Amino acid sequence: MAAELKLVRTPAEEALAERFPAIKASLPGGAQIVKLREAAFERFLKRGLPNRRVEEWKYTDLRALMREAAPFAPIPSDAEAARALGSARTFADLGAIQIAFVNGHHVPGSETVEGLEVVPLDAALAAGASVGPIEAAREDAAYGLNTAFMNDGVMIRVAPGAIVERPVHVRFVNTGGSAFATATRVLVEVGEGASLTLLESHEGLDSAACQLNDVVEIVAGDRARVRHVRLNAEGTQSLALSTLVAKLGAHVSFDTLNVVIGSRMARHQVYLTFAGEHANANINGATMLKDEQHADTTLVVDHAVPHCTSRELFKTVIDGDATGVFQGKIIVRPHAQKTDGRMMSAAVLLSDAGTMNNKPELEIFADDVQCAHGATCGTLDEDLLFYLMARGLPRAEAESLLVQAFLGEAIEAVEDEAVREALIGVVSAWLEARH
Amino acid sequence: MLEIKNLTVQIEDKKILDGLNLTVKKGEVAAIMGPNGSGKSTLSYVIAGKEDYVVLDGEILLDGENILELEPNERAARGLFLAFQYPLEIPGVATMTFLKAALNAQRKARGEAELSTPDFMRRVNAAAQQLHIEKDMLKRALNVGFSGGEKKRMEILQMALLQPRFCILDETDSGLDIDALRIVAEGVNALRSPDRSFLVITHYQRLLNHIVPDTVHVMANGRVVRSGGPELALELEKNGYADYRQQAA
Ligand SMILES: Nc1ncnc2c1ncn2[C@@H]1O[C@H](COP(=O)(O)OP(=O)(O)OP(=O)(O)O)[C@@H](O)[C@H]1O
Ligand SMILES: [Mg+2]
């Protein structure tokens, strides 16, 4: 009875299926990497782009959202790259060490400081750098496509014990009139006891429907300290897939915050695995959506060892016809006793037409753990608004104050004051633009 | 200054104010007393512009202008201020940020220049000192974790800072200890002026020893049922509201 359904490929699937064999020889990496790429591509051929019948993608139907596949952008000329970077403003003036990408291509020439090494992806792979530290991520469609097609990137290495004082800022700047695709991979290795603040900014023009796929993989050695902030300020037509993979050693302190204001469709995935005991992770998000925007956050936090603590706090503000998605899963493995995990997703609807889909999950296989999750979705409190208005604040200003307070909870954990201020500025500007 | 004529208000099909008339003159301090549930807070909310209520009839004139169609913030900018019976906690909003935003929003609405930060700080500090409010409290989120008395004092601080022309105090005395009551009353008295009027809602004669009213009004069942001088408060203290309950029924 169950006749195998023949998968009818969309134009995008067709184009990707043809592209891989055509370009694979030109992609970076030796035999090991070729094997990974081919395996990822085979999975794609078999499954196509994920659609709403795939559980992990049920709120974000990539197959429907991405009908055509844009071509990869050519490597920009020096002048083009300089022009693009010169006009990019995000996280400027932080005195950060900068690593730049224009249209998905690494622009060589970053500053070097002691204890920090930045190597282009092809050189790093040629030297035997490994990718894909978390097995589970390989099953994912967006990550898989990045693995098959990753064509540029860098490796950032912090030597054991090195304290990199200034933030390292990876800037992704997209420019140009027509749609293009990217597939970047940033490998981050933070040595034992080392410390790194990593900023990512993604910005682009509203005019081009770019298809962006970036993966950042962080492997943190024992007792390392990592602070990561990512900002999606991409153009309003773009489709942005991003995956953060983090594998944490023992006693690691790890914070990540993803802030989203950009993209027509954004999906940010976090695969985080505790691989050593007594590590601590704060995984936060602050998402501001309007018009027809759609933003999805999907987390898999794997407590694979005992005695680790994770806090997940995601705040979403939805205006216009926008849609927010939160899918968070905390897994506690059978022997991961004394796990402490708390996940919260809270959304505020500023309009009647907005939608939020919350799906928090716990998969607990150990008995001596403390885990909780919660999800809320509501409007701003009318009584609070009245109180503020009765003191003279116009409604829009009163709303802004409450939204700032709401998002502030996710942002205030950012330790670097200048970075935190910059993010508060992003929130203010977003709210300003509403009026 | 404030004239309320035949004000009739309902919420969820329940008539709460029922043809209420009240006039408060410029510079006057009027006290309102009345049993629980008689509509005192409702009156103060309707004057301040809370949305939940349906005004079936009547008008509220502030210096001759009917304010019923105005947003709460527009009323505030015209000099109306309500010290809430239950001030709200606003997590994540720093008290200072709020105070500055409120003051500047009102100034902007009136076409006045924004206050400079030092100017603003001077004013806040002066008001805080007078009301015995610790500077640390101003650094915290608005009203969050404040004691009942601290919240009431914060309301008066806002009033001192915003310098309204018409002030409504809804049971500002309840929850205050004896010293705090004196401090708050002194704060209010310092603001008394020929150009500023007060509507003081209270259950206790005690407050009126500190803030001596010009007129006292009794509210029952959504109406002002009797008006008189300060001696009326003493009479109520002695006899309670039994007469008025009957009269209204
Ligand atoms: N949102 C509401 N929904 C329904 N009934 C309400 C609402 N708000 C007030 N009421 C009712 O209106 C009446 C008047 O309430 P109000 O708070 O104005 O009284 P009050 O005179 O201030 O009382 P108190 O002295 O206890 O403060 C009460 O019966 C109250 O239950
Ligand atoms: Mg009341």
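Lettering of chains follows the sequences in order, A, B, ..., and the numbering in each one begins at 1. Since the model is a prediction, treat every value here as computed from it, not as a measurement. Only heavy atoms go into these numbers, but all of them, side chains included; no hydrogens, no water, no symmetry mates.
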Interface residues of residues 371-387 of chain A facing chain B - heavy atom cut-off under 4.5 Å: Glu382(A), Asp383(A), Leu384(A), Phe386(A), Tyr387(A)
Among residues 319-330 of chain A, which residues come closer than 4.5 Å to chain B, judged by heavy atom distances? none
Arg391(A) (side chain) donor-acceptor with Asn73(B) (main chain) under 3.5 angstrom: no
Whatever's closer than 4.5 Å to a heavy atom in chain A on Ala109(B) counts as neither
Please indicate whether Asp93(A) has more than 12 foreign heavy atoms, meaning atoms of other residues, nucleotides or ligands, lying under 6.0 Å from its CG. no
Of all heavy-atom pairs between Ala76(B) and Ala390(A), which one has the smallest distance, and what is that distance? CB-O, 3.4 Å
Checking Glu74(B) against chain A: side chain, backbone, both or neither under 4.5 Å from a heavy atom? neither
Using non-hydrogen atoms and a 4.5 Å limit, figure out which bit of Ala48(B) sits close to chain A: side chain, backbone, both or neither. both
Of the listed residues (Gly49(B), Ala77(B), Pro91(B)), which shares the most heavy-atom pairs with chain A below a 4.5 Å separation? Gly49(B)
Quick check on the structure: residues of residues 401-420 of chain A within a heavy-atom distance below 4.5 Å of chain B, by number. Leu401(A), Leu402(A), Ala405(A)
Do other residues, nucleotides or ligands put more than 12 heavy atoms under 6.0 Å from the NZ atom of Lys15(B)? no
Just how far is it from atom CD of Glu71(B) to atom CE of Met389(A), taken to the nearest 0.5 Å? 4.5 Å
For residues 116-147 of chain B, give me every residue with a non-hydrogen atom less than 4.5 Å from any non-hydrogen atom of chain A. Leu142(B), Asn143(B)
Close side-chain approach of Leu388(A) to Leu88(B), heavy-atom, < 4.5 Å: no
Max heavy-atom pair count under 4.5 Å with chain A, selected residue of Glu51(B), Lys108(B), Lys50(B): Lys50(B)
For Leu393(A) versus Ala102(B), what's the shortest heavy-atom pair and its separation? CD2-N, 3.9 Å
